[in-house]
There are 2 protein chains.
Amino acid sequence: MTSPDGSATPDAQRHAIEGAMKRVADLVAAGAQVALTHGNGPQVGNLLIKNQLAAHVVPPVPLDWCGAQTQGTIGMLILNALEGAFAVRGVASPVAVVVTRTLVDGGDPAFGAPTKPVGRYFPAADARRFMAMGQSWTQAGERGWRRVVASPEPLEIIDAPAVDTLMAAGYVVVSAGGGGIPVVRDNGALRGVEAVIDKDLAAALLARHIGAAALVIATDVDHVMTEYGTPRARPIGRTTPERLRRLAAAGQFASGSMGPKVDAALRFVAGGGDRAAISSLDLIGDAAAGLAGTIVERDHSSAATRRDQPIGKPNARR
Amino acid sequence: MTSPDGSATPDAQRHAIEGAMKRVADLVAAGAQVALTHGNGPQVGNLLIKNQLAAHVVPPVPLDWCGAQTQGTIGMLILNALEGAFAVRGVASPVAVVVTRTLVDGGDPAFGAPTKPVGRYFPAADARRFMAMGQSWTQAGERGWRRVVASPEPLEIIDAPAVDTLMAAGYVVVSAGGGGIPVVRDNGALRGVEAVIDKDLAAALLARHIGAAALVIATDVDHVMTEYGTPRARPIGRTTPERLRRLAAAGQFASGSMGPKVDAALRFVAGGGDRAAISSLDLIGDAAAGLAGTIVERDHSSAATRRDQPIGKPNARR
């Protein structure tokens, strides 16, 4: 179920989300109250391609619109899949999806030096055409050119109060998809900007806002590894913020993949969260309980067993 | 601010929504509690074009996904614009956007005979290619071929309870965009289907669900007209359900434009709503109060002056 260029078809994306939501439903069936966020990288990549291939006919939409588009589609798929998984398990929790904006600072240095690659590789001629429209592109070796955008710091999940209201009424709420739609303050109003917000950092911010006990980041591997990709690779199980911070500072975690997840976990516990876990989707139940995956806790002596309000982060990537 | 083919650019769409939200903010500033819905026809048209022009590279997404995409983008634009208009007026109401599905019957006869045109005109060769992928297309005279889809009856706004919860907490809620994402029940779960739901009929259904006193349908003209487009054209002001129903039965209102709006107004009052109004965006305040536009009321003797919970329907079309 892949497209001409190997990307996941709509059916494949739906099946992947159905699989993920079974694990989330298990967690809710076990008594956890859950807020969900999700990524959107491959989906935004597809939208950018469509923008580019249709630009001679319909006006391309900016990157914040692409993010908003994926909140709608992935949100809808999660709604259907999670409700279906709840029905099988006899779980009565309602589910809602909130379109979510994330505040960034228009003066964030990231805007002056866009470095986050988005979308696919294009020939130089296409890149030149889009650069003439104001975009930043970078030559990425033999594979061609790739668009780069700013990835500013998330400062506030603007629509988090709506998430609070729905959670207080018993909803499982899906929000901050793709890190949230980036907005800046501009003359007293908010305005979308062309940027991408790291989804893990946004999830950590949301988790702190809603007072989550645990932040669970689901990814492709069971554990964060030291010396990843070498024969000396070793999994990190239960660890301390101090040790994890030291490993991060030593450059153990790749900036485009595990780095932001470790950063998000550290920010969550530094901000007062009890426990952050990074593990594979299949293990999120045990990870939320501190029994599987890479676990970092604020205070080992209090070894939290509370399971209210963990925040799950299933990976929407295939 | 139009594209190569004349469609509105993202900036033009944003400006149009900013203009519309000033009128909605006036209504809220005057004391009304408002739930908003919106159309998405031109935006879905653009997404279908992109689907088609990029189909050789990335898999086209189905029509329900296109609808979900527009709930994200238009929702985000409404959030920013309405909050901005509130700030200028000193209105403190929070605003939220809920991704919304609308239930339809998989056995609806509309699925057997798709008649609702979507997207633009294409040459026969393109139409044949998409028909081979299972789509229905129809030859639309000299302008070429056009895709047609089912427009089944909306049965239930699935995510309306989340709208209730947020409205009870004082939110202005944007939902049921584009009529809602069409879903059918399939083995106990909901599944998106390729269809479009009439946005006015969905708005009437939502308005009844939330117990709105008034349904306000904003369109391009101040009044519904009899003998529209002829020298004998005359505006309809205050009228009765009986008279409006008679005019509709006599074919006075075009099926693709004013017909569904009149139908939605009639359904709303027949279902117990106090007042439905059809008027231009500039007049929605007076229309909600029964003082402008085409007004149909359930019971003239009770001439409602309640202004709680009107449901506004700004037209997202340019």
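Hydrogens, waters and symmetry mates are skipped; everything else that's a heavy atom, side chains included, is used. From a predicted model like this one, the values you see are computed outputs, not experimental measurements.
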Cut-off 4.5 Å, heavy atoms of chain B, and the answer for A:Leu190 is both
Does any heavy atom of chain B fall under 4.5 Å from the side chain of A:Ala96, the backbone, both, or neither of them?
-> side chain
Between A:Gly75, A:Ala189, A:Pro94, A:Ala54, the one whose heavy-atom pairs under 4.5 Å with chain B are most numerous = A:Ala54
Quick one: closest heavy-atom pair of B:Asp159 and A:Val95, and the distance?
-> OD1-O, 4.2 Å
Beyond-backbone contact of A:Gln69 with B:Thr70, side-chain heavy atoms, under 4.5 angstrom | no
Measure A:Asp64 against the heavy atoms of chain B and call it side chain, backbone, both or neither at under 4.5 Å.
-> both
Heavy atoms of B:Trp65 and A:Leu77 approach each other most closely as CZ2-CD1, 3.5 Å
Can you tell me how far the CE atom of B:Met76 sits from the CD atom of A:Gln71, to the nearest 0.5 Å?
-> 9.5 Å
Pick from B:Ala162, B:Gly45, B:Gly177 with the largest number of heavy-atom pairs that fall under 4.5 Å of chain A | B:Ala162
Do the non-hydrogen side-chain atoms of B:Val61 and A:Lys50 ever get within less than 4.5 Å of each other?
-> yes
What are the two closest heavy atoms between B:Pro60 and A:Pro10, and how far apart are they?
-> O-CG, 3.4 Å
Using non-hydrogen atoms and a 4.5 Å limit, figure out which bit of B:Leu79 sits close to chain A: side chain, backbone, both or neither.
-> both
Name the option with the most non-hydrogen atom pairs under 4.5 Å to chain B; the candidates are A:Glu83, A:Arg14, A:Arg191.
-> A:Glu83
Side chain, backbone, both or neither: which part of A:Pro161 has a non-hydrogen atom closer than 4.5 Å to chain B?
-> both
Report yes if some heavy atom in the side chain of A:Val97 is under 4.5 Å from a heavy atom in the side chain of B:Val98; otherwise report no.
-> no
For residues A:His56 and B:Leu53, report the shortest heavy-atom separation together with the two atoms involved.
-> CE1-CD1, 4.1 Å
If you take all heavy atoms of A:Asn80 and B:Gly192, which pair is closest and at what distance?
-> ND2-N, 3.9 Å
B:Thr9 and A:Pro59 have their tightest heavy-atom pair at CA-CG, 3.8 Å
